[in-house]
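By convention in this document, chain letters (A, B, ...) are assigned in the order of the sequence lines, proteins followed by strands, and residues within each chain are numbered from 1.
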Amino acid sequence: MDQSVQSESKFAVEAGRSATSAEQPSKVIELEAVSVRFGQGRSGTTALGETTLDVRKGEFISFVGPSGCGKSTILRLVSGLVRPTNGVVVVGGREVGVKALRIGMAFQNASMMPWLTVERNVMLPLKIVPPFRADYRRKRKGEFRDRVRALLAQVGLSDFADHFPWQLSGGMLQRANLCRALVHDPQLLLLDEPFGALDQFTREELWGTLQALWLDKRPTVLLVTHDLREAAYLGSRICVMSARPGRIISDTPVPFAYPRTLETTYEPEFIALGKRMRELIVPVQTSGGSA
Amino acid sequence: MDQSVQSESKFAVEAGRSATSAEQPSKVIELEAVSVRFGQGRSGTTALGETTLDVRKGEFISFVGPSGCGKSTILRLVSGLVRPTNGVVVVGGREVGVKALRIGMAFQNASMMPWLTVERNVMLPLKIVPPFRADYRRKRKGEFRDRVRALLAQVGLSDFADHFPWQLSGGMLQRANLCRALVHDPQLLLLDEPFGALDQFTREELWGTLQALWLDKRPTVLLVTHDLREAAYLGSRICVMSARPGRIISDTPVPFAYPRTLETTYEPEFIALGKRMRELIVPVQTSGGSA
Amino acid sequence: MARITRVLSATAVILGFFGAWELLCRLLHVSDLVLPLPSQILVTLIERFPDLWPHLIQTIASTLAGFTFGVLAGVVIGVMVGSSRLAYDTLYPLLIGFSSVPKVAIIPIFVIWFGAGTIPAILTALSLSIFPVVVNVATGISTSEPELEDVLRALGASRRDILWNVALPRTLPYLFASLKVAITVAFIGSITSETIASNYGIGTVMMVASANFDVALLFAGLALISITGIALYGLFSFAEARFTGWATRKSAVA
Amino acid sequence: MARITRVLSATAVILGFFGAWELLCRLLHVSDLVLPLPSQILVTLIERFPDLWPHLIQTIASTLAGFTFGVLAGVVIGVMVGSSRLAYDTLYPLLIGFSSVPKVAIIPIFVIWFGAGTIPAILTALSLSIFPVVVNVATGISTSEPELEDVLRALGASRRDILWNVALPRTLPYLFASLKVAITVAFIGSITSETIASNYGIGTVMMVASANFDVALLFAGLALISITGIALYGLFSFAEARFTGWATRKSAVA
Amino acid sequence: AEPVKIRFILDWKAQGPGAWFYVARDKGYFAAEGLDVTIDQGDGSAAAVSHIMTGAYDAGFGDINAVIQNAAQRQGEQPLMVYMLYNRAPYALIVKADGPIKTLKDMEGHTLAAPAGSATERMFKPLALKNGVDAGKVKVLNAAPNLIEQLLVNGQADAIAQFAPTSYMNFLAMKKSPETDFRWFFYSENGLDLYSNGILVSQKLLKENPEAVRGLVKALNRAILEVAADPDEGIATLKKVEPLTNVDLEKQRLVYTVNQQLRTDEVARLGLGDLDDGRLQAAIKTVADAYALPRTPAMDEVFSRAFLPSKADRILPPAH
Ligand SMILES: Nc1ncnc2c1ncn2[C@@H]1O[C@H](COP(=O)(O)OP(=O)(O)OP(=O)(O)O)[C@@H](O)[C@H]1O
Ligand SMILES: Nc1ncnc2c1ncn2[C@@H]1O[C@H](COP(=O)(O)OP(=O)(O)OP(=O)(O)O)[C@@H](O)[C@H]1O
Ligand SMILES: [Mg+2]
Ligand SMILES: [Mg+2]
C-alpha cells in the first residue's frame with residue numbers, strides 16, 4: 001500500500017487530490033503497479049502496461065486512449081473479471097474477487113441474453129445482487145418491473161420492453177445495456193463506451209440523464225469513451241492512456257462545477273481543456289503507430 | 001421507374017443533381033417508395049417509413065439520424081438482406097437479389113467468424129466474390145494474403161492477423177471489419193458505423209484512408225454514422241432521417257471539394273453546415289421522443 | 001397455403017417410398033419371409049392391433065418412467081461434468097464405460113438382480129437415456145459464451161447464479177436436442193429389455209414373432225414401434241421448438 | 001503440477017469406486033454368479049487377454065467401418081434436413097421411424113438378408129451412428145447465427161457458400177459432440193449384432209460366455225468393452241477439443 | 001472342379017456338440033467331397049430352419065419338428081432333413097427338486113420360462129396335451145436362452161423348458177447338482193416320443209446339386225463318428241476354432257449329448273442318421289394335432305434317407 005502511494009505518478013496524486021474527491025477522502029479503488037498479459041511467452045499480448053491508480057469515493061473518472069490500449073481491461077480488472085498478472089487491485093477495501101461493493105457494468109458490446117426479453121435482461125442484476133435478490137421472486141412482477149420500465153422509458157425504449165434483443169437496433173441495445181448497469185443502484189459504475197452506437201443527440205440527452213443520476217446517488221464511476229467532449233463533460237477526472245501496452249500518461253482533474261450543461265462545452269476553458277488533452281494524445285498516436 | 005422519379009421529393013432530386021454525381025449520371029441505387037415492417041399485425045415494428053432515394057455512380061452518401069430510425073435497415077435493403085414490405089429496390093439496374101455489383105459491407109457489430117483468424121476473416125470476400133473466388137485456392141497463401149496484410153497494416157492490425165476475433169478489443173474488431181468490407185475492391189460500399197468503437201484520432205486517420213481509397217477507385221458508398229462531422233467530412237451528400245419509423249427528411253449535397261482535410265472541418269462554411277444539419281435533427285428529436 | 005403444399009409434398013414423397021417398396025417386391029417376387037409387402041404389413045397391423053395395443057401401452061409406460069429419471073440424472077450429471085473438472089475426470093469415464101457396454105449384455109444382469117419384466121425395462125430405458133443428455137448438457141455448459149457469463153460475474157454472481165442464469169438457458173437447445181435422442185433410445189431400451197426377458201410389452205411380441213418367423217407380424221410390430229417412435233420424437237421436437245425458439249429465430253421478412 | 005493433481009484425484013476416485021465394489025462384495029458374500037469381484041475380473045481379463053484380443057480387433061474393425069459410413073451419411077442427411085424444408089418433412093420422419101426401432105429387432109432381419117457375420121455388425125453400427133449425427137448436424141445448421149450468414153449473403157454468396165463457410169464450421173461443435181455419441185453407439189451396435197449372429201468378435205464371446213455361465217469371462221468381456229468404449233470416446237473427445245477449440249475457449253488468465 | 005460353396009448354419013453357438021462340424025471342415029472332409037462349407041453359429045434350432053427357408057443358408061443343423069410345421073404351412077419351401085442326429089429329443093421340463101411341482105399336472109397355475117420360439121417351448125403344448133395338462137393355465141415367461149436357468153434358480157419361474165444338455169451343464173456351472181437339486185421331466189419319457197435336430201438342406205441345393213448333399217452327409221457322418229469315438233480330439237478342434245472354449249465343460253456337454261441324444265436302441269438298430277418311419281409318422285401327427293396344422297405333411301416332405309451312406313458306415317462306437 002505504502003509502496004503504491006510512493007509509486008503513484010506525482011501528476012496523478014495532484015489530480016486526485018485537487019478534484020471533486022477532496023471532500024470524500026476514502027479510496028474506493030486502488031490499482032498498485034498492475035499489469036495484465038494475455039497468453040504465455042512470445043505469443044502473448046500485454047493488454048495493460050504497469051498502471052497505478054487511486055479512485056476516491058464518488059469520483060467520476062473518464063478514460064480516453066487509442067483503441068486496444070487496455071481501457072476495457074482496466075474495467076475488467078476492477079470488476080474482477082480479469083486478474084492482474086502483476087500488482088494488486090483493491091476495490092472497496094478488499095482484494096478483488098470478494099464483492100465489497102455493488103457494481104454495475106455496461107460492456108462495450110451489449111451482451112444481452114438472447115433468451116430473455118429486454119425487460120428481463122435489464123432486470124437481471126436485481127435477480128443477482130443483494131439486497132434485491134432476496135425480494136426478486138416477490139417483486140419481479142411489481143415493483144421491480146416498474147423500476148425497469150421507468151428506466152427504459154428514460155432512454156426511450158418503453159415500447160421495446162417485451163422485445164427480444166435481436167429485434168433491436170444497435171443503439172437500442174446500447175441503451176438497454178446502460179439500463180442494466182444502472183438498475184440496481186450500483187455504488188461503483190463501470191461504463192465501457194456506453195454511448196458508442198448512439199447518435200449525437202440521443203447521446204447528449206443521455207449525458208444529462210447520467211449526470212443527474214450521478215449527482216443524485218453519487219456512485220463512483222469509471223467511464224471509457226473515445227469522445228473527448230464526453231470525457232470532459234461528464235468526468236471529474238480524465239485519464240489519458242498511451243497506445244498498447246497502455247499506461248496512464250495523464251491524469252487531469254476537470255475543473256468545471258457540476259451540474260454541467262451543453263453550454264459548458266462551448267466555454268473557452270472547456271475547449272482549451274479538450275485541446276490540451278488532444279495534444280497529449282496526438283504525439284502518442286504518431287509515436288505509437290495508428291493503433 | 002417513371003413513377004419513382006415523380007415520387008422523389010423535390011429536395012432529393014435537387015440534392016442529387018447538384019452533387020458530385022453530375023458527371024456520372026447512371027443510377028446505381030433506386031429505392032422507390034420503399035418501406036419495411038418486421039413482424040405481423042399490431043405487434044410488428046415499422047423499421048423504415050416510405051422512403052425514396054436515388055444514388056448515382058460514385059456518390060458518397062452519409063446517413064445520420066436517431067437510433068432505431070432504420071439506417072441499418074436501408075443498408076440491409078440495398079445489400080438484399082432485407083426485402084421491402086412495399087416498394088421496389090433496384091441496385092445496379094436489377095432488382096435486388098441478383099448481385100449485379102460487387103458489394104462490400106461492414107456491419108454495425110463486427111460479426112467475425114469466431115473460428116477463423118482475423119486474416120482469414122478479412123479474406124472471406126475473396127473466397128466468395130467473383131472474379132476473386134476462381135483464384136482463391138491458388139492465391140490465398142500468396143497474393144491474397146499480401147493484399148489482406150497490407151490492408152490490416154493500414155489500419156494498424158499487422159500484429160493481429162493470426163489472432164482470433166475474441167482476442168481483439170472492440171475497436172480492433174471494427175477495423176478488421178472495415179478491412180473485410182474493402183478487401184475485394186467493391187463497386188458499392190455499405191458501411192454501418194464503421195468507426196463506432198474507435199477513438200477520435202484513429203478515427204480521423206481512417207477518414208483519410210477511406211477518402212483516399214474512395215477518390216482512387218470511386219466506389220459508390222453508403223455510410224451510416226452518428227457523427228455529423230464525419231458525415232460531412234466524407235459524404236458528397238448527407239441524408240438526415242427522422243425518428244422511427246424513419247424517413248429521409250433532408251437530402252443535402254456537401255459543397256466542399258475533395259480531397260478534404262481536417263482543416264476543412266474548421267472552415268466556417270463547414271461549421272455552418274453542421275449547425276444546419278443539427279437544427280434539422282434537434283426538432284425531430286424533441287418531437288419524436290428520445291428514440 | 002405454403003403449409004398445405006408442404007404437408008402434401010412430404011406425404012407424396014413418403015407414400016412414394018412405400019409405393020416403390022410394394023412395387024419392387026411384387027416385380028421381383030420377393031418372398032414374404034425376406035421382406036413382406038407394405039400392404040401385407042398394414043393388413044396385419046390393423047387386424048392384430050387390438051392384441052398389440054395393450055403391449056404398446058405397457059412399453060410406453062416403462063419408457064416414460066425410465067426416460068424421466070434418466071433425464072433428471074442426465075441433467076444433474078451433465079451439469080456436474082460440464083462445470084467441474086473433477087467430475088469430468090471421474091464421472092465421465094465411468095459413464096462412458098458404462099454406456100459403451102451394449103445393453104444386451106447388461107439387461108441379463110438386470111434380470112438376474114431384479115427379475116424379469118418391468119423393472120429391467122425401466123432401468124434399461126433410464127441407463128440409455130442418461131448418456132445423450134449428459135453429453136449434450138455438458139457440451140452446452142462448457143461451450144457457453146464467456147461474454148454472457150461476464151455480465152453476471154461482474155455483478156458478483158456465484159457459480160450457481162451463473163449456472164441458472166446463463167449456462168442452463170444457453171444449454172437448453174442442446175438439452176432439447178438431446179431429449180429427442182434420449183426418448184428414442186429409452187424407447188429402444190425398454191423394447192430391447194422386453195425382448196430379453198418379459199412376458200408383456202411390444203418387445204415380447206417382437207421376440208415371439210421373430211422366433212416364430214412370423215415376418216408379417218414382426219414388420220407390423222416394427223411399423224407400430226416406428227410410428228410410436230416418431231410420435232415421441234415429434235412431441236419432444238415440438239417442445240424444443242416451443243422453448244428454444246430464440247435459437248432458431250429467423251428474420252420474419254428476409 | 002495442476003495436471004498431476006488432476007490425474008491423481010481422478011484416479012483416486014475411480015480406484016475408490018472399484019475398491020468399494022470389492023469390499024462390499026466380500027463383506028456381503030455376494031455370489032460370483034451374481035456379481036464377481038473386480039480382482040477376479042481383472043485376473044480373468046489378463047489371463048484370457050490373448051484369446052480375447054483378436055475378437056476385439058474384429059469388433060473394432062466392424063465398428064469403424066460402420067461408423068465411417070454412418071457419419072458420412074449422417075452429415076449429408078443432417079445438412080439436408082437442417083437446410084431443406086422438404087428433406088426435413090420427409091427424411092426426418094423416415095429416419096426417426098427407422099431409428100426408434102430397436103436394433104435387436106432389426107438385426108435378425110439383417111441376418112435374414114445377409115447371413116450371420118460381419119455385414120450385419122457393420123450395418124448395425126452404421127444405422128446406429130447415423131441418428132445422433134443427423135440430429136446434431138441438423139440442429140447446428142438450423143440454429144446458425146443469422147448475423148454471420150448475413151455477412152456472406154451480403155456478398156452474394158450462394159446457399160452452398162453459406163453452408164461451407166458459416167453453417168458447417170458453426171456446426172462443428174455439434175458434429176463433434178455427436179461423433180462421441182456415434183462411435184459409442186456404433187460400438188454397441190456391432191457388439192449387439194455379434195451377440196445375435198456371428199462367429200467372431202467380442203459380442204460372440206459375450207454370448208458364448210453367458211451361454212456357458214462363465215460369469216468371470218462375461219465381466220472380463222464387459223470390462224474390455226468398457227475400456228475400449230472409453231478409449232474410442234476419448235479419441236473423439238480429443239479430436240473435438242483439437243478442432244473446435246474456439247467454442248470452448250476460456251480466458252487464459254481469468 | 002470348382003468346389004461347391006455351401007453356407008451352413010448351426011443350431012446354436014460353437015459348443016461341444018457342434019465340434020463335429022468344425023472337425024469335418026478342418027480335417028478336410030468337406031474338401032474331399034468337393035465342398036467349400038462356411039459354418040456360421042446359429043440362434044436356435046427352429047431358427048436354423050427359417051434361415052434356410054429365406055435363402056440365406058443352403059444347409060444347416062436344426063429341428064425336424066419345425067420342418068414339419070413349415071411343411072404344413074409353406075408347402076415346398078421347407079428344408080429337407082437328410083440325416084437325423086438327435087434320435088432322442090433332448091427336450092426337458094425342469095423344476096426345483098424341493099419345489100411345488102411333483103408331477104406335470106402340477107404345472108397348472110405356475111410359470112414356465114423358455115426361450116421364445118424354442119423347440120422345447122413349441123413342444124410343450126403337445127406334452128401338455130398328452131399328459132392332460134391345461135396348457136392355457138400355464139403362464140409362459142419368454143427370456144433369452146442364457147437366462148433360463150437363472151430364472152428357475154432365482155425363483156422367477158417355477159419350471160423351465162430347455163434342451164437337457166444345456167441346462168445340465170449350466171447347473172454344473174452354477175455349482176448346483178443337476179441330479180439332486182432338480183427334478184427332470186424328459187418329454188421323451190412323458191409320452192412325447194419325438195425326434196429333434198438333424199442335418200437340413202434347402203430345396204434349392206437338393207434340386208440343383210444332389211451330389212453335394214450326398215457329399216455333405218458323408219463328410220459329416222464321418223466327422224460325427226470320429227468325434228463320438230474320440231471326444232477329446234473334437235474338443236481340441238473346437239478349441240482351435242474358438243480359443244475361449246472351456247475344454248472340460250464342452251467335453252462333458254459333448255459326451256452327455258452323445259450318450260443321451262445319439263445313443264439309443266433305435267440307432268443301434270438302424271445306424272446313425274436314419275430313423276424309424278412309424279415313429280416319425282407318429283411325431284408328425286402329434287405336431288400337426290398340437291398346432292392344428294392345416295394339413296399333415298407326408299413323411300418324405302420332411303425326411304429323406306436317400307443321401308445316407310451305407311449302414312455299415314453309420315455305426316456309433318460304443319460308449320467308454
Ligand atoms: N429482425 C428484426 N425484427 C424485428 N424488428 C427489427 C429487426 N431488425 C430491426 N428491427 C427494428 O427496426 C427498427 C430499425 O432498426 P435499424 O437497425 O435499422 O435502426 P438503426 O437506424 O440502424 O439504429 P441504430 O443507430 O441504433 O443502429 C428498430 O426499431 C428495430 O427495433
Ligand atoms: N481474452 C484475450 N486474449 C488475448 N488478448 C486479449 C484478450 N482480451 C483483450 N486482449 C488484448 O488486450 C489488448 C487490450 O484490449 P482492451 O479490450 O482492453 O482494449 P481497449 O482499450 O478497450 O480497446 P477499444 O477501444 O478498441 O475497445 C488488445 O491488444 C487485445 O488484443
Ligand atoms: Mg474496449
Ligand atoms: Mg444500426
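Taking CE of Met206(D) as the reference point, atom CD of Glu194(D) lies at 11.0 Å (rounded to 0.5 Å).
Contacts with chain C were tallied for Thr90(D), Leu232(D), Ile191(D); Thr90(D) has the most, counting heavy-atom pairs under 4.5 Å. Your options are Asn136(D), Thr195(D), Leu35(D), Val101(D), and the one with the most heavy-atom pairs under 4.5 Å with chain C is Val101(D). Counting heavy-atom pairs under 4.5 Å between each of Ser226(D), Ser237(D), Ala138(D), Gly229(D) and chain C puts Ser226(D) at the top.
When heavy atoms are compared at a cutoff of 4.5 Å, Ile230(D) approaches chain C by way of both its backbone and its side chain. Residue Ile183(C): no heavy atom, backbone or side chain, is found under 4.5 Å from chain D. Residue Leu86(C) touches chain D through its side chain alone, counting heavy-atom pairs closer than 4.5 Å. For Thr192(D), the parts lying near chain C are the backbone and the side chain together; criterion is any non-hydrogen pair under 4.5 Å. Contacts of Ile109(D) with chain C are made by side-chain atoms alone, with heavy-atom separations under 4.5 Å and no backbone atom involved.
Counted by atom type alone, Ser190(D) and Thr59(D) present zero donor-acceptor pairs between their side chains at under 3.5 Å.
Ring orientation note: the planes of Trp113(D) and Phe110(D) are tilted relative to one another, at an angle of 30° to 60°.
In this structure, Lys180(C) fails the cation-pi test against Tyr174(C), since its NZ or CZ atom is not both closer than 6.0 Å to the six-membered ring centre and inside 45 degrees of the ring normal.
Panel note: side chain Trp21(D), backbone Pro36(D); a donor-acceptor pair is recorded below 3.5 Å.
For the pair Thr124(C) and Ile106(C), the minimum side-chain heavy-atom distance is 4.5 Å or more.
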